[in-house]
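Following this message is one structure expressed as structure tokens.
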Amino acid sequence: MNLDKIVCECLQVTNGDIKSAVENGASTLEEIREATGATDGCGACADEVQHVLDYFTAERDN
């Protein structure tokens, strides 16, 4: 996964930012929002952020 890809355009949150948040214990969309601000703008990225969250959570838990 490209860690530099921007997932949340409003706040310029990248896949890497989400990965870091997951590595620091985030495991829900709300925790990602608190850690990175993702989905806090227009919210259009929520599905993509959830997908990235699920990917990195599964990676962490394996």
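Remember, it's a predicted structure, so these values are computed and weren't measured experimentally. Atom set for the values below is all heavy atoms of this structure, side chains included, hydrogens, waters and symmetry mates excluded. We count residues from 1, following the sequence as given.
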Item to check | With D4 via side chain to side chain contact (heavy atoms under 4.5 Å, CB included) - residues at least two apart | outcome: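 Checked D4 against side chain to side chain contact (heavy atoms under 4.5 Å, CB included); matches are N2.
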Checklist entry - For the atom pair SG (C42) and CG (L11), what is the distance rounded to the nearest 0.5 Å? => result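 Reported value, rounded in 0.5 Å steps: 9.0 Å.
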Checklist entry - When hydrophobic residues are tied together by side-chain contacts of less than 4.5 Å, even through go-betweens, does I6 share a cluster with V52? => result no
Checklist entry - Can you list every pair that meets side-chain hydrogen bond (donor to acceptor under 3.5 Å, both in side chains) and has a residue in residues 12-25, with sequence neighbours left out? => result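 side-chain hydrogen bond (donor to acceptor under 3.5 Å, both in side chains) check on residues 12-25 returns T14-D17.
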Checklist entry - Which atom names give the shortest non-hydrogen contact between G25 and E31, and what distance separates them? => result O-OE1, 3.9 Å
Item to check | Pairs meeting criterion side-chain hydrogen bond (donor to acceptor under 3.5 Å, both in side chains) with involvement of residues 35-46, two or more places apart | outcome: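 Non-adjacent pairs meeting side-chain hydrogen bond (donor to acceptor under 3.5 Å, both in side chains): R33-T39.
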Next on the checklist: What I'd like to find out is whether the side chain of V13 reaches to under 4.5 Å of the side chain of V7, using heavy atoms alone.
Outcome noted: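 They are not in contact (no side-chain heavy atoms under 4.5 Å apart), so the answer is no.
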Checklist entry - Please, which pairs that meet side-chain hydrogen bond (donor to acceptor under 3.5 Å, both in side chains) have at least one residue in residues 42-59, sequence neighbours excluded? => result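 side-chain hydrogen bond (donor to acceptor under 3.5 Å, both in side chains) check on residues 42-59 returns Q50-D54.
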Checklist outcome for this item: Shortest non-hydrogen pair, L29 vs A46, comes out as CD1-O, 4.3 Å
Item to check | From NZ (K5) to CG (L3), nearest 0.5 Å | outcome: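 Reported to 0.5 Å precision, the distance equals 11.5 Å.
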